[in-house]
Amino acid sequence: MSSEALIKLDKFSKLFPVHFSGAPSKDPHDYLDHCHEVLCNMGIVETNGVDFVVFQMTGSAKRWWRDYVFNRPAGSPALTWDPFSQLFLEKFIPFTLREEYRRQFECLHKGCMIVTQYETRSVDLAHYAIVLLPTEREIVRIFIDGLNFSISLQMAKETRDNISFQRAVDIARQIEIVRG
């Protein structure tokens, strides 16, 4: 690593990026998002991003990466951020798990939760399902479908087809407050 890269790595390390071990209790998406944010702020996503993120890995995550590098053909170009991110998420959030999150998201119902709790759970599940749900419009539709019938019915009267997720949440909260 060049002296310039070492200086950047030192700066990156001082910004307190999280470590990732690959343990099931750690959220791989949050790890990647956090590191990406720090790298973007430093302006080094494409130049040093993969190396610095890998530097923060420990345990089984570090072993996975070493195995991946070892098994690549000699002379392969270094991975840039997007292919690395995709590879990382495929490893630590496999398709079957993303599919389960998508099913949970699609079947989520407000039930006895308040709209704010329902929104939080929707966002948490959509975070993973988003790869499989390409449009915000679809996320809004699933959110409204999961509301209690009376709120969902009122939402149909209050909303247009093309509203943002946040606007749908705000309308649902207003209806919930009015209905008490």
Side-chain angles (χ1 to χ4, degrees), residues 15-18 20 22-47 49-50 52-53 56-57 61 79-180:
L15 293 173
F16 304 106
V18 295
F20 183 75
S25 62
K26 301 294 182 182
D27 185 332
H29 217 293
D30 284 349
Y31 169 73
L32 216 53
D33 286 349
H34 175 77
C35 288
H36 188 259
E37 182 179 333
V38 172
L39 293 163
C40 280
N41 286 335
M42 293 178 66
I44 58 171
V45 172
E46 291 303 324
T47 56
V50 174
F52 289 10
V53 168
Q56 296 300 114
M57 290 183 192
L79 285 182
T80 57
W81 184 259
D82 288 338
F84 169 78
S85 298
Q86 184 176 356
L87 186 69
F88 179 87
L89 291 174
E90 285 172 1
K91 168 61 180 166
F92 294 104
I93 310 174
F95 176 79
T96 52
L97 185 56
R98 289 192 312 269
E99 183 64 16
E100 175 59 27
Y101 288 140
R102 183 190 61 78
R103 275 195 299 279
Q104 287 179 26
F105 176 66
E106 287 179 346
C107 296
L108 184 65
H109 292 281
K110 180 181 170 293
C112 61
M113 293 183 274
I114 62 173
V115 170
T116 301
Q117 292 168 324
Y118 176 63
E119 173 202 14
T120 299
R121 186 67 181 139
S122 292
V123 169
D124 287 347
L125 291 172
H127 184 66
Y128 295 100
I130 196 72
V131 174
L132 303 170
L133 298 171
T135 65
E136 184 173 22
R137 186 177 189 173
E138 183 69 6
I139 292 171
V140 170
R141 183 194 60 77
I142 291 169
F143 176 80
I144 291 172
D145 287 350
L147 290 166
N148 295 346
F149 180 73
S150 61
I151 295 176
S152 184
L153 183 63
Q154 186 65 35
M155 291 284 296
K157 295 176 185 176
E158 299 288 332
T159 61
R160 300 175 314 278
D161 278 343
N162 228 358
I163 65 168
S164 70
F165 177 75
Q166 194 55 55
R167 181 69 183 128
V169 170
D170 290 343
I171 292 169
R173 281 188 186 129
Q174 289 171 351
I175 293 169
E176 182 179 59
I177 289 168
V178 168
R179 291 182 178 248

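Since the model is a prediction, treat every value here as computed from it, not as a measurement. Positions are given from 1, in the same order as the sequence printed here.
Taking 4.0 Å as the cut-off between side-chain N and carboxylate O, Glu136 and Arg167 do not count as a salt-bridged pair. Between Arg173 and Glu176 there is no salt bridge, since no side-chain N of the basic residue sits under 4.0 Å from a carboxylate O of the acidic one. The residues Glu138 and Arg141 are annotated as salt-bridged, a charged nitrogen and a carboxylate oxygen being separated by less than 4.0 angstrom.
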Working note: Ser122 + Leu108, criterion side chain to side chain contact (heavy atoms under 4.5 Å, CB included); need CA distance, chi angles, decisive distance, verdict.
CA-CA 7 Å; Ser122 292; Leu108 184 65; 3.4 Å; yes
Show, in sequence, the C-alpha distance, side-chain angles and deciding distance for Gln86 and Asp82, and conclude whether the side chain to side chain contact (heavy atoms under 4.5 Å, CB included) test is met.
CA-CA 6 Å; Gln86 184 176 356; Asp82 288 338; over 6 Å; no
Quick one: do Leu39 and Val53 satisfy side chain to side chain contact (heavy atoms under 4.5 Å, CB included)? Show the steps, please.
CA-CA 9 Å; Leu39 293 163; Val53 168; 3.6 Å; yes
Quick one: do Thr80 and Val50 satisfy side chain to side chain contact (heavy atoms under 4.5 Å, CB included)? Show the steps, please.
CA-CA 7 Å; Thr80 57; Val50 174; 5.8 Å; no
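Gln56 contributes atom CD, which lies 6.0 Å from atom SG of Cys35 (distance to the nearest 0.5 angstrom). One distance of note links OG1 of Thr47 with CE of Met42; it measures 8.5 Å at 0.5 Å rounding. Atoms CD and CG, on Gln104 and Asp124 in that order, are 10.5 Å from each other to the nearest 0.5 Å. To the nearest 0.5 Å, atoms CG (Leu32) and NE2 (His34) are separated by 11.5 Å. Atom CG of residue Leu147 and atom CD1 of residue Ile171 lie 11.0 Å apart, to the nearest 0.5 angstrom. Note that the OG atom of Ser164 and the CG atom of Asp170 stand 7.5 Å from one another [nearest 0.5 Å].
Aromatic pair Tyr101/Phe105: centroids not less than 6.0 angstrom apart.
Across all their heavy atoms, Lys110 and Met113 have their closest contact at NZ-O, 2.7 Å. Smallest separation of non-hydrogen atoms from Gly22 and Ala61: N-CB, 3.9 Å. When every heavy atom of Ala168 is checked against every heavy atom of Met155, the shortest pair comes out as O-CE, 3.3 Å.
Using modelled atom types, one side-chain atom of Asp27 and one backbone atom of Asp30 make a donor-acceptor pair closer than 3.5 Å. Of the possible donor and acceptor atoms, none in the side chain of Ser152 sits under 3.5 Å from a partner among the backbone N and O of Asp145. Formation of a donor-acceptor pair under 3.5 Å by the Gln154 side chain with backbone atoms of Ile151 is not found in this model.
Taking 4.5 Å as the limit, every side-chain heavy atom of Ile93 sits out of range of all side-chain heavy atoms of Phe88. When side chains are defined from C-beta on, Tyr118 does not count as touching Ile114, because their heavy atoms never get closer than 4.5 Å. In this structure, Arg98 and Phe95 have side chains that are in contact, with non-hydrogen atoms separated by less than 4.5 Å. Proximity of Leu125 to Arg121: side-chain heavy atoms (C-beta onward) are separated by under 4.5 Å at one or more points. Inter-residue side-chain proximity for Phe92 and Lys26 is flagged as unmet; no heavy-atom pair is nearer than 4.5 Å.
A ring-ring contact (aromatic ring centres under 6.0 Å, His included) with His36 holds for exactly one of Trp81, Phe52, Phe84, Tyr31; it is Trp81.
Residues that satisfy the ring-ring contact (aromatic ring centres under 6.0 Å, His included) test with His109, not counting sequence neighbours, are absent from this structure.
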